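Structure first, commentary second.
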Amino acid sequence: MPTNSLTRALEWSGYLQRKISTNEQLKTELSQDILHPITPDIIKQWFTQTSGQPVHQPIATEQCKHLLRKLRNRVFCALMVRDINGQACFEEVTQSMSFLADLAVQQAYLSIMQDLVQIHGEPINPETGKPMEMIILGMGKLGGKELNVSSDIDLIMLYAQEGETTGRRPLSHHEFYGRLTQRMMPVLSEINADGHVFRTDLRLRPDGDGGPLAWSLDALENYLITQGREWERYAWLKARVIPVKYFKQSSSKEDIAQLKSLRTPFVYRKYFDFDALASLRQLRERIRQDWQRKALNRNGVDSIHNIKLGEGGIREIEFTVQLAQLIRGGRMPSLQLRGLLPALHAEIGIGLITKEEGLLLENAYRFLRRVEHMLQYREDEQTHLLPADPERFAALAKAMNMEEQAFRSQLNEHRRVVSRAFRNAFRIAGMGEESASGPHYNHLSDTSDSTDLPELVQQFFAPEIHEYIENRIKALLNSSRIRTLSGSSRTRLKKLLPQLLETAAKSDNPQLTCGNLFDLIEAIAQRSAYLALLAEYPETLARVARIMSSSHWAAGYLIRNPILLDGLIDWQTLMQNVDFSHIATQLSKDLDACVLQDGQPDVEQQMNIMRDVQKQVSFQLLAQDLSGGLSVEKLADHLSALADLLLEESIKRIWPAVKPKPEQTSEPVPDYPRFAVIAYGKLGGKELGYASDLDLVLLFDDPADYALEVYAKLGRRLSTWLSSMTSSGRMYEIDLRLRPDGDAGLLAISVDTFEKYQLEHAWPWEHQALTRARFCAGDKAIGKRFERIRRQILLKERDREQLRQDIIDMRAKMRAGHPNNSGMFDVKHDHGGMVDIEFITQYLVLAYSHQYPRLLDNLGNIALLKIAAEGGFIPEDLANEVADAYRTLRKTQHAVRLRGQEKARVDNHLLLNERQAVNRLWEIVFPGTREQEGNPS
């Protein structure tokens, strides 16, 4: 036996000394066990060698007790020696102990189930007629597969359906599974000559010690809906099914799926509940107060020396990481992880925690958990107290293979890091500043909840709008949504309305702001969480008011999508530059995490997540737009990049569901479709607005026999995926009419067919549209081929007179389709407006690209006007004037739309210089045509 490997372990652990001195077999086994990593397969192998049969076979209860304790001693001692000698990593220790716990629970279940079935018969699921297994949940560190070496295990015992067993002495399922639970516990936790396996704790079950030992899924559902508390969400976050199977004919798949459908929405909520936030703050304070109380009771021993519950301890790391999971996990399924370190890495990945801060937390966690294990190796006790005795503390440092002073210094530094993170847990989770300061009310006066609202209206608002606001208050309070509110929501609304009035009165447009805020309150009234947000976070209310005041369209967007409200809490993050690479990576992770119980993608959840991301990013851009941080061009670039990203991700998600199965075709099926999305119109020109449709043409380049049918199906699914209405709304309206032959044509066409059509059959207006077309998602090789076809088409030398007449005719048709009898100037469609500039640019590209190929680049109208001037096709000074005019017209259109007007029309005396510049250029490019049409300018 390698004595030097045992020396340090024996110096530290009295438990190991006693075991080796009294158990020669263990000593012999240990000499070999410590030579290689301890893995689940090895633990399973040890068990089968000792028991003489496979792990899935039931063993007599007394024999099971003996075998499990013997196995536990072997695993514990081998891990101890390897850990103290620095041979075992943290994951080896925790995952081995977690697998051992799973195995012990499974064997205890099999042995007791065998006994009970012999007496009472089988429990039968009344719906399926098949035997019914128990559903055993590992909670806490067992659920996360991160058990410590001398840990308790937390279990919750469930069963699918009520009913009765089949034997001569039948029991109700309630009694049967309760008895099964009761008899399993001694198998695991009873101490005998061999010791114990795991101390078990059932207190995390509904109603704790006061509730039944085993619960049906229906009873659990009722409990979670009506009584589930915030600390239970925290506990259930790590809940994991420990697989057990006694009956050959049983199948727990549907039961586990039902359990998942209960657990996931209970733990992870899409619409974050700000009542829950208050409860989680209280939970954090209870954690802090717990060690403070112990510090007072025991002269600081627990507070200073408890590395789990004390300040800067393990519990604070767990809370910091899991808080972010609870707050964000409902919208980011990639955060729905049970293990602490995987969850921490996921939070670093999405930017909730900086890489530097995350690495410090991970290092602290690994260090503190190893110290925890060292403390427990000493006497196999569930302890977390550092030695107060100096000699014992020095021995602990030696067991950690560190000098005493270095150990103490590193320990203190890690705990400082953890304590700081714990204090800032709510800021790290994206919920504002340090929670100890609480919500801020300083910017509002102390308007009492009982203040008479008409009196406040008189106090805050100008006389000419008193009647309007008083009528709006009456209408709000008399609306059906408000009248049916619960008592607590009414109390919250009563508190909120005075704050709302004062906030609106301070805005630039008090009447508009007040009206929009009342519309918002009515829309969110049935969701008490949002009333709580606005009532408890006046800074968020003020931000909402700024949006409501600055843009009627933005107000409507927020009213239709109140899920965006909590994004206003962290205003600094909302104002940061949008990182599309990061969004794409995180979106892919979240979509990957959307799976059903059978492992198939949860399509409905994926569609909702993509819609939520589209709205959240659009709202982030909207907030920056309203604050003056984005130009119209930059905004359009960002919105176009977002659409490109979502189209790309949509193709990836749809293809696996539509591609032929290997048995359906003899031809190889590509992992990624030979399919591309070509953007036309606003998306093609990267001029997308907040509510723009997507004009798309769908191409494929695949010689397989299945191609036409499969890619048409992919096109249909893509259109549905993007445009169908779900609980999260619609992502985009899609227009596919620009494809060859329009609505009569195939939904997706081959590249060859597209090329032939463009060369031989396309109308002039289709070539006009092609000037603004670009590849935006899908197979890049098809994208390159499309661009070659596009350039080939646009490089053709054309009869300029005929081209000029074709474009003039199309312009007349467009103008006739958008009549304007308002006496105002239509920024887009009237003479001197945006469409004129677009038609001028399209003519220049089609007429002169063969002479000046730089015009082929799809760079937008402003750049193309300047390139045409460089080529000598239009006057340079006028090109610059019209380019500036186009920028001004787009900005004007954008501002008008944000005010909520459907059509971008302004006073007829505005924008005269811009319109005159456009008309002068039109006359140069299309001489004599204005007089024929009549020119109102």
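The structure presented is a predicted model; accordingly, all values stated were derived computationally and were not measured. Position 1 is the first residue of the sequence; numbering continues from there.
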[Y] side chain reached by [X] side chain, heavy atoms, under 4.5 Å:
| X | Y | value |
| --- | --- | --- |
| Phe367 | Leu411 | yes |
| Ser189 | His196 | no |
| Leu137 | Leu259 | yes |

Return the set of residues passing side-chain hydrogen bond (donor to acceptor under 3.5 Å, both in side chains) with Lys245 (not counting sequence neighbours), or none when no residue passes. Ser250
Arg378: partners by side-chain hydrogen bond (donor to acceptor under 3.5 Å, both in side chains), with sequence neighbours left out: none
Please give me the minimum heavy-atom distance between [X] and [Y], naming the atom from each residue.
| X | Y | answer |
| --- | --- | --- |
| Arg69 | Pro186 | NH2-O, 3.2 Å |
| Leu375 | Pro387 | CD2-CD, 3.9 Å |
| Lys238 | Arg263 | N-NH2, 4.4 Å |

If the threshold is 4.0 Å, N to carboxylate O, is there a salt bridge linking Arg199 and Asp152? yes
Between Asp102 and Arg240, does at least one N-O distance fall below 4.0 Å, as a salt bridge requires? yes
Spacing of [X] atom [atom1] and [Y] atom [atom2] [to the nearest 0.5 Å]:
| X | Y | atom1 | atom2 | answer |
| --- | --- | --- | --- | --- |
| Leu386 | Met374 | CG | CE | 13.0 Å |
| Met402 | Leu396 | CE | CG | 10.0 Å |
| Leu68 | Leu100 | CG | CG | 8.0 Å |
| Leu204 | Asp154 | CG | CG | 4.5 Å |
| Arg72 | Asp194 | CZ | CG | 12.0 Å |
| Ser51 | Gln107 | OG | CD | 7.0 Å |

Please work out which of the three classes, parallel, tilted or perpendicular, describes the rings of Phe422 and Phe319, given edges at 30° and 60°. perpendicular
Quick one: sort the Phe266 and Trp236 rings into parallel, tilted or perpendicular, breaks at 30° and 60°. perpendicular
Ring centres of Tyr15 and Tyr377 under 6.0 Å apart? no
Less than 6.0 angstrom from the centroid, inside 45 degrees of the normal: does Arg370 satisfy that with respect to the ring of Phe90? no
Please check if the number of heavy atoms outside Arg18 that lie under 6.0 Å from its CZ is greater than 12. yes
Counting only heavy atoms not in Lys19, do more than 12 sit closer than 6.0 Å to its NZ atom? yes
With side-chain contact (heavy atoms from CB on, under 4.5 Å) as the test, pick out the partner of Met185 among Leu213, Leu155, Ile112. Leu155
Counting only N and O atoms by type, is there a donor-acceptor contact under 3.5 Å from the side chain of [X] to the main-chain atoms of [Y]?
| X | Y | answer |
| --- | --- | --- |
| Glu146 | Leu340 | yes |
| Asp83 | Leu79 | no |
| Ser98 | Leu147 | yes |

Any side chain to side chain donor-acceptor pair (under 3.5 Å) involving residues 339-355? Give me the pairs, sequence neighbours left out, ordered by first then second residue. His345-Glu362
Pairs touching residues 38-54 that satisfy salt bridge (charged side-chain N to carboxylate O under 4.0 Å, His left out), sequence neighbours left out: none
Pairs touching residues 391-403 that satisfy salt bridge (charged side-chain N to carboxylate O under 4.0 Å, His left out), sequence neighbours left out: Glu11-Lys398
Residues 32-40 side chain polar contacts: donor-acceptor under 3.5 Å, at least two apart:
| residue | atom | partner | partner atom | Å |
| --- | --- | --- | --- | --- |
| Asp33 | OD1 | Arg74 | NH2 | 3.1 |
| Asp33 | OD2 | Arg74 | NE | 2.8 |
| Thr39 | OG1 | Ile42 | N | 3.3 |

